[in-house]
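Below is one structure; the comments refer to it alone.
A, B, ... follow the sequence lines: proteins, then strands. Residue 1 opens every chain. It should be emphasised that the depicted structure is a prediction, and the values quoted were computed from it without experimental measurement.
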Number of protein chains: 2
Amino acid sequence: MRQKRITLKDIARETGVHVSTVSRALDPVERKSITEEVASRIQAAADALGYRPNRIAAGLRTSRTMTVGVMIPDITNVIFPPILRGIESVLEPLGYASIIVNTDSERDRESRLVDVLRDRGVDGIIHAAVLRSDPTIARAAAEGLPVVTLNRMVEDSQIPYIINDEDAGICEMLRHLRDLGHREIAHLAGPQDLSTGQLRLAAFRNAATSLSLEFRPELVVTARRFDEQEGARCIRDLLASGRKFTAILCANDRLALGAIDELREHGIDCPREISVTGFNDMPFLDLIRPRLTTVRILQHSAGQTAATVLLQLMNGDTAENIPTETILPVEIVVRESTAPARPDGPQQPA
Amino acid sequence: MRQKRITLKDIARETGVHVSTVSRALDPVERKSITEEVASRIQAAADALGYRPNRIAAGLRTSRTMTVGVMIPDITNVIFPPILRGIESVLEPLGYASIIVNTDSERDRESRLVDVLRDRGVDGIIHAAVLRSDPTIARAAAEGLPVVTLNRMVEDSQIPYIINDEDAGICEMLRHLRDLGHREIAHLAGPQDLSTGQLRLAAFRNAATSLSLEFRPELVVTARRFDEQEGARCIRDLLASGRKFTAILCANDRLALGAIDELREHGIDCPREISVTGFNDMPFLDLIRPRLTTVRILQHSAGQTAATVLLQLMNGDTAENIPTETILPVEIVVRESTAPARPDGPQQPA
DNA sequence: AGCGGCTATGCAATCGATTGCGAGAGTGAA
DNA sequence: TTCACTCTCGCAATCGATTGCATAGCCGCT
């Protein structure tokens, strides 16, 4: 039932040459070392028979599989698909395929998956998982496997990383709020075991001082997950604390959405009474009212950049040509969830 | 720099047996044909050396790569990631990896990608792309490659398919609208070159007659894409036609969201004046007001089912054990975008 | 003691493509 | 005519694991 595949041997038999000659004739770089007439005869036979190279066999011999592994926390998180398309857009035209794995941000799953990818002989790994430390990936890189990380860096390693200029994003956003007259600005921080959560909190602190706004630890609440429920919970806690604030800078869009919902539950209007900002600019955000002011990250180009750097690594470019650190610009998108601070000062809600 | 991999040969040398013996000792099913003492000595050596089997080499010999191809239109479309997680949840524990490719619903890209997957020796393909006909995949299946399709079927073929019971979903939704008193119900249909668009329109027609509601072709408008812009455009056309209607059943959530927005632009309130329903129940829908009444599809289980059927195919189960057709149940989720038809009859907006 | 039969293990081919090396043909110059 | 050199192509090893077949050894039975 199943057709036998056409191999080099078949073409060799057909054209009366040796399989090695066929191999060379079909290899664009070796082709020049073959008489043009022979080469085109072989090419014709290959086309006629419908030859398709067996990448498995080639991979065994060359130990290059033209496959890369991509590790992300969870594909159902809307920020990752655009990254994957970005990666694909540079790798696929070059004949690479990618194996995508979800780590669910679990450490043992993460290291197990690194091994799975290595067993499959991937030529490199793009690691967009966000756990704050991972010995397995560091070891893989140290053993010579090309690795780049996205959105995070592995300490004490030479692994190139691509990050978004989140510091600048946070800082711009804080400036936007300040320029609107806000002074008591809360921060709804993300989980501190995820690099994004940690980095954005640090950025908030730095930005506050550099903008001559006082950093107030009591106005920081930390979410345990990046979701709406936690956003809402944090707002409840914040309101319960009785502290005054007129704006909330959230570490991600979903926290912001949860926050706005919870404020509404308490009869507090966003943006009239309290301004709220997000981070990521996830899809469909402009369908949700009030339309969220947020920091836009160029996920697609982040993916492209990661893939490009990985390619350099896999091609064995000289180290000095490979950027260790790439910082991608972000931009703030001002929509409807931010407004001038009320002139009569913060109204502490009931 | 790069460490040499440990191979069977290394273990053989270490333990003083032949590599074939090592191979058998490490293969759970062959292991019983080896003296327990030898087997465990080999196992110990393998562990000590940190042996990891080379799947490429094994794949070459056995022509099983433990890899499946998954074809979808576009990973950034929110309905696909849950499907992928569903597939992964059954395949990954068994040692399979999947290569995911985006077809962008382009025919030539689609057939090219089928070949890419075959070149890589995938053991099977789950085909969730939605073009209405594709000779390449049919040929692949005819040549013996295990294939299952998701959300669509390939005509004139034995390819098993998994679909959601969209007919039932449309019918239930129409019944819901009828029970609310609606009689003039428009259908905002999806692109007719995509199977989902076509099927849902057909289902709408059937449901109308079976519910003794007149099917009115002039109340059907067809979108060119499944997005908000097209939803809005269709509503403009519908309003411009001057026809009366009190409810709109949309072929997908995004069309519905675009429709509601456009109605609002015209000063028409949903659901008070016109009810609107969606299809898919995409994530974050409950954050958008009015919260959309829609048909929920169990994407995750669809993925699981597709993977399970593919496994049967790949394991060469006898044909009669393999379901050709699997229809998964759907459910309607009633939220805020539907309300009773106004007792004074449809108000034709200006 | 001899023989049948079974079991544990070794041997070697194999999957398909790649590649270093060498041989033969062809060319040009002396 | 011959020698040196180049160009094209064939030969065979190789990547690492799998597997059908062969064989050596052992057991038990008569």
| Presence of donor-acceptor pair under 3.5 Å, side chain of A:Ser20 and base of D:dC9 | no
| field | A:Arg120 side chain to A:Val68 backbone, donor-acceptor under 3.5 Å | value | no
| note | Here the gap from B:Leu84 atom CG to B:Ser98 atom OG, rounded to the nearest 0.5 Å, amounts to 7.5 Å
| query | Hey, does B:Met153 have a side-chain heavy atom less than 4.5 Å from the side chain of B:Ile163? | reply | no
| message | In whole Å, I'd like the distance from the CZ atom of B:Arg31 to the P atom of D:dT18. | response | 15 Å
| task | Nearest whole angstrom, please: distance from the P of C:dA17 to the CZ of B:Arg120. | result | 15 Å
| note | Taken to the nearest whole Å, CZ/A:Arg61 to C1'/D:dA17 is 16 Å
| query | How would you label the contact of B:Leu60 with the nucleic acid (heavy atoms, under 4.0 Å): base, sugar-phosphate, or nothing? | reply | base
| said: Taking donor-acceptor contacts at under 3.5 Å, does the side chain of B:Arg24 reach the base of D:dG20? | reply: yes
| query | Between B:Ile56 (CD1) and C:dT18 (P), how many Å, whole number? | reply | 14 Å
| message | At 4.0 Å (heavy atoms only), tell me whether B:Thr7 reaches a base, stays on the sugar-phosphate, or touches nothing. | response | sugar-phosphate
| said: Can you tell me if B:Thr35 touches the phosphate of C:dT9, counting only side-chain N or O atoms and a distance under 4.0 Å to OP1 or OP2? | reply: yes
| request: Measure from CD1 on A:Ile42 to P on D:dT8 and round the result to the nearest Å. | output: 13 Å
| query | Under 3.5 Å, is there an N or O donor on one side and an acceptor on the other linking the side chain of B:Arg55 and the base of D:dG16? | reply | no
| message | Between P on C:dC11 and NZ on B:Lys9, what's the gap in Å once rounded to a whole number? | response | 14 Å
| Hey, is the side chain of A:Thr62 poking within less than 4.0 Å of OP1 or OP2 on C:dT18, counting only N and O atoms? | no
| Reckon A:Val22 touches a base, only the sugar-phosphate, or nothing at all at heavy-atom distances under 4.0 Å? | nothing
| request: Answer yes or no: is there a side-chain heavy-atom contact under 4.5 Å between B:Glu110 and B:Thr136? | output: no
| Nearest-Å distance for atom pair CG/C1', residues A:Asp10 and C:dA17 | 13 Å
| Is the shortest heavy-atom distance from the side chain of B:Val148 to the side chain of B:His127 under 4.5 Å? | no
| request: Whole angstrom is fine here: how far is it from CG in A:Asp27 over to P in C:dG20? | output: 12 Å
| query | Among D:dC9, C:dA17, C:dG10, which is the nearest nucleotide to the side chain of B:Thr21? | reply | C:dG10
| query | Can you tell me if the side-chain N/O atoms of A:His18 get under 4.0 Å from OP1 or OP2 in D:dC11? | reply | yes
